[in-house]
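Side-chain atoms are counted along with the backbone in the values below, which use heavy atoms only and exclude waters and symmetry mates.
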Amino acid sequence: MPVAPLSRPLPPAAAPILDSLNAEQRAAACFGAPDASGRFRAGPLLIVAGAGTGKTATLAHRVAHLVRNGIDPMRVLLLTFSRRAAGEMTRRAERLLAQEAATNGGGGAPAALRLPWAGTFHSIGARLLREYAERIGLDRSFGILDRSDSADLVDVVRHQLGFSSLSRRFPRKETCLAIHSHKVNSGRALEDVLQQHFPWCADWCDELLRLFRGYAERKQANGVLDYDDLLLWWHAAMSDAAFAAAVGARFDHVLVDEYQDTNALQAQILLAMKPDGSGLSVVGDDAQSIYAFRAAEIGNILDFPAKFEPPAARIVLERNYRSVQPLLDAANALIEQASRRHPKTLVAQRGTGARPQLVTVLDERAQADWVVDTILRHREEGVALKRQAVLFRSAHHSAVLEVELIRRDIPFVKHGGLKFLEAAHVKDLLCVLRWAENRRNSIAAFRALQLMSGFGPANAQRCIDRVIDPCRSLHAALGSFVPPQAAREAWPDFVDLMRRLADPAASWPGQIEPLRRWYEPLLERRYDDSIVRAADLDMLQSIAARFGTRERFLTELALDPPQASGDWAGPPLRDDDYLILSTVHSAKGQEWDTVFVLDVADGNFPNEYAAGRAESIDEERRLLYVAMTRARDFLYLLEPQRYFTTQQPRFGDAYVHGARSRFLTESLLGRFDRVAPAAASCIAGHRAEAPEAAPFVDVAAKLRALW
């Protein structure tokens with residue numbers, strides 16, 4: 001039941017829910033005014049929220065302010081990039097309204113705030129597509145493929161077209177899916193996508209077009225959409241002006257979080273819904289736009305004000321509540337180098353503190369030693385391990401450090417690894433549920449059948465072909481199928497399971513229990529660590545309990561999957577304190593007291609693949625900015641002087657010099673204290689451990705001699 005707005009809205013200055021906001025946050029939260037009829041209205045608004053400036057709090061206060069000014073929560077659309085973010089903003093807005101009701105003497109407990117249209121772009125898209133399915137030519141019961149299933153289907157089509165047996169190596173299924181995803185989300189021609197982002201695949205343009213056409217046909221035949229289709233179909237439907245107007249009219253206010261991460265389709269959907277910007281508020285930080293590899297378009301936030309006439313209002317949040325000022329001085333100096341940006345200067349509300357340090361070490365082994373020693377020193381000074389994080393550009397950059405952490409018995413968690421839904425045993429259960437939900441989903445059926453002995457690809461396909469008839473129920477068709485000899489003993493139990501899953505009277509999430517009872521004997525036979533994997537099934541059952549229907553559960557799990565429950569990368573945890581290791585992309589939105597950034601050298605920051613492209617260099621700069629602004633009190637950038645490389649052309653296994661990052665300009669270096677552990681001690685500590693066949697190689701001299 002929605003919270004009832006106050007009978008007489010208070011003026012902003014007298015609203016208790018705004019007391020905790022600074023002037024800029026309050027202006028953003030209260031933007032707009034009642035019209036002549038008393039209805040609260042607002043034009044387009046861009047909130048440029050710097051790192052640590054209270055973006056989430058500001059957006060939550062805006063939601064609460066809208067509701068308290070009479071806006072029906074049903075007519076508020078809140079779009080985020082994670083289900084967790086949508087839930088957090090809803091909870092914060094609810095608390096604010098409850099506090100205000102108590103302050104104003106409201107009797108009784110206020111009703112819980114419900115924002116029925118709060119969620120990720122993809123989950124909201126899925127809901128709208130189901131609601132308008134008949135109008136746009138979709139089967140309302142369409143299934144949704146997760147990334148892994150999508151890649152498998154691409155591979156099936158790839159093999160059917162004979163591309164896997166060509167004389168030249170054709171791109172792998174994951175690469176093909178990444179190309180397809182980038183093309184869909186950017187709205188650009190395939191030739192352009194290949195040339196700019198996948199140049200090594202440019203010669204396969206014609207074949208990839210055939211592959212993507214075949215992939216689309218197979219999805220249609222199976223009654224499924226993939227993750228990107230949810231935006232693509234929504235966008236295509238919004239190209240009809242009448243349809244776009246109808247959807248836009250459902251919402252008085254549209255609020256968008258992390259707008260710098262939107263792609264071309266998402267921005268165009270928003271403009272189609274609100275072409276004049278009425279009620280459209282977006283919040284984000286162009287300095288934290290780091291997802292171009294997912295087709296995020298920084299121009300969306302940079303050019304947002306100019307999309308409307310008159311231009312959208314812009315409010316800049318610069319008061320940082322996270323970091324001390326010396327850290328912000330360094331971050332400000334770094335981002336000032338960007339070629340295009342919304343100007344802002346972060347100012348610390350916590351005052352001064354320690355200057356960040358640039359630590360020059362001999363190599364990756366010395367880097368690992370120094371980082372571990374410093375982590376332990378901070379721990380002795382009262383900074384718990386979990387309040388410290390080691391960040392890196394790519395997941396493999398932490399390999400040497402991980403070995404040292406294990407050797408010294410320091411527990412850690414690594415983010416950016418295997419996702420929960422990528423675990424084989426979790427996918428096994430989900431494929432059975434997906435087939436029960438949508439009998440046309442032959443991808444799920446293909447995997448489900450092969451869980452049983454005797455079912456290889458041929459027998460699985462034979463079964464799928466026999467039970468496709470829509471005139472009979474799925475379990476009845478399965479009951480009349482003659483399975484292979486090896487599966488005949490287990491077959492009746494599987495047919496009975498599918499009957500129970502199809503029973504409309506069967507409660508959800510109660511269907512998980514019979515599915516687990518059927519699957520657990522298979523789990524014990526298939527995996528040596530079945531006890532560990534059973535814990536993941538417990539997690540799946542717990543997640544299922546949060547959703548009212550199987551369809552909602554499968555949809556949300558495909559759109560916003562949880563992280564792995566078993567992604568501990570270090571020794572078994574004996575207590576609740578552990579170090580955080582994370583890629584910078586996975587660290588976005590987080591904060592720690594102490595942050596170490598590994599391998600700050602050209603080739604890592606910026607990444608070697610960014611060379612020669614100004615927009616890529618700018619994004620790499622923003623990535624380092626994100627890493628630096630995660631720190632509250634202490635920041636260390638590590639720059640090894642050399643790296644050990646293996647199997648390099650001409651030189652074999654050898655050390656090569658690391659070049660100083662081009663981002664570490666003289667003006668930026670002036671913001672850092674410089675630390676350089678004695679090279680002699682580093683050499684003495686590591687010479688004996690270096691591979692015998694790997695003497696130092698002066699690559700520059702060899703190249704000069706070569707030419």
Side-chain angles (χ1 to χ4, degrees), residues 9-33 40 42-69 78 80 85 88-100 102-104 253 255-260 281-288 301 304-305 312-332 335-336 341-353 588-591 593 625-626 628-633:
L10 299 171
I17 64 172
L18 304 174
D19 289 347
S20 62
L21 301 183
N22 63 42
E24 295 79 16
Q25 291 172 333
R26 180 176 298 205
C30 300
F31 181 77
F40 191 87
L45 170 66
L46 168 62
I47 306 169
V48 181
T53 57
K55 167 183 68 69
T56 301
T58 302
L59 203 55
H61 277 79
R62 179 152 183 78
V63 172
H65 186 70
L66 292 174
V67 173
R68 67 181 287 280
N69 276 276
L78 174 60
T80 67
E88 174 64 18
M89 288 185 195
T90 301
R91 286 189 293 273
R92 288 197 188 195
E94 179 180 352
R95 287 197 297 269
L96 291 167
L97 291 167
Q99 291 167 9
E100 180 162 86
T103 302
N104 287 288
H253 291 269
L255 298 89
V256 186
D257 188 25
E258 303 285 10
Y259 191 66
Q260 78 279 353
S281 302
V282 303
V283 60
D285 182 9
D286 55 289
Q288 298 185 69
I301 190 168
F304 181 83
R314 190 183 70 152
I315 297 174
V316 182
L317 307 184
E318 299 177 297
R319 302 190 199 184
N320 178 285
Y321 296 89
R322 175 186 299 157
S323 306
V324 294
Q325 190 62 50
L327 272 61
L328 297 182
D329 289 340
N332 288 333
I335 206 62
E336 282 175 3
R341 66 191 184 97
H342 285 296
K344 60 183 173 299
T345 301
L346 297 180
V347 179
Q349 300 303 290
R350 297 179 57 217
T352 190
K588 187 169 175 288
Q590 305 297 314
E591 63 179 57
D593 293 345
Y625 175 86
V626 167
M628 291 169 58
T629 54
R630 300 310 94 198
R632 288 173 46 81
D633 299 309

When rounded to the nearest 0.5 Å, the distance separating OG of S281 from CG of L78 is 11.0 Å
Original post:
What do the steps show when you test R92 against H61 for side chain to side chain contact (heavy atoms under 4.5 Å, CB included), and what is the final call?
Top reply: CA-CA 8 Å; R92 288 197 188 195; H61 277 79; over 6 Å; no
- Query: Under the 3.5 angstrom rule, does the side chain of R319 hit a backbone N or O of L346 as a donor-acceptor pair?
  - Reply: no
Evaluate side chain to side chain contact (heavy atoms under 4.5 Å, CB included) for V63 paired with M89, printing each intermediate quantity in order. CA-CA 8 Å; V63 172; M89 288 185 195; 5.7 Å; no
Exercise. Is a donor on one side and an acceptor on the other found under 3.5 Å between the side chain of H342 and the backbone of I301?
Worked result: yes
Looking only at heavy atoms, the pair that brings A348 and L328 closest together is N-CD1, 3.5 Å
*asked:* Checking side-chain polar atoms at under 3.5 Å, does D329 have a donor or acceptor matched by the opposite partner on Q325?
replied: yes
One should read off an interatomic distance between D633 CG and L327 CG, to the nearest 0.5 angstrom, of 8.0 Å
Indicate yes or no for a side-chain donor-acceptor contact from Q349 to the backbone of Y321 under 3.5 Å, with no hydrogens or angles considered.
no
_N/O donor-acceptor pair under 3.5 Å between Q288 side chain and D285 backbone_ = no
CG (L317) and CG (N22) are apart, to the nearest 0.5 Å, by 7.0 Å
CG (D593) and CZ (R322) are apart, to the nearest 0.5 Å, by 11.5 Å
Separation between NE2 (H253) and CG (L45), nearest 0.5 Å, reads 11.5 Å
Audit row: R91, E88, salt bridge (Lys or Arg N to Asp or Glu O under 4.0 Å) steps and yes/no: CA-CA 5 Å; R91 286 189 293 273; E88 174 64 18; 3.4 Å; yes
*For the pair R62 (side chain) and A29 (backbone), establish whether a donor and an acceptor sit closer than 3.5 Å, ignoring hydrogens and angles.*
yes
Check: Between the main-chain N or O of A51 and the side-chain N or O of N320, is there a donor-acceptor pair closer than 3.5 Å?
Finding: yes
Whether the side chain of R314 engages the backbone of P305 through a donor-acceptor N/O pair (distance < 3.5 Å, no angle test) should be reported.
no
Margin query: One pair to check against side chain to side chain contact (heavy atoms under 4.5 Å, CB included): I315 and L46. What are the steps and the verdict?
Written below: CA-CA 6 Å; I315 297 174; L46 168 62; over 6 Å; no
* Heavy atoms, side chains only, cut-off 4.5 Å: are V283 and V256 in contact? -> no
Of all heavy-atom pairs linking P326 and G353, the shortest is CG-O, 3.3 Å
Next on the checklist: Show, in sequence, the C-alpha distance, side-chain angles and deciding distance for K344 and D286, and conclude whether the side chain to side chain contact (heavy atoms under 4.5 Å, CB included) test is met.
Outcome noted: CA-CA 10 Å; K344 60 183 173 299; D286 55 289; 3.5 Å; yes
So NZ of K55 and OH of Y259: to nearest 0.5 Å the spacing works out to 15.0 Å
For this session: Give a yes-or-no answer on whether the side chains of S323 and R350 include a donor-acceptor pair shorter than 3.5 Å.
Result: no
For Q25 and T53 the tightest heavy-atom approach is NE2-O, 2.9 Å
- Message: Evaluate H65 against F40 for ring-ring contact (aromatic ring centres under 6.0 Å, His included), listing each step before the verdict.
- Response: CA-CA 10 Å; H65 186 70; F40 191 87; 5.5 Å; yes
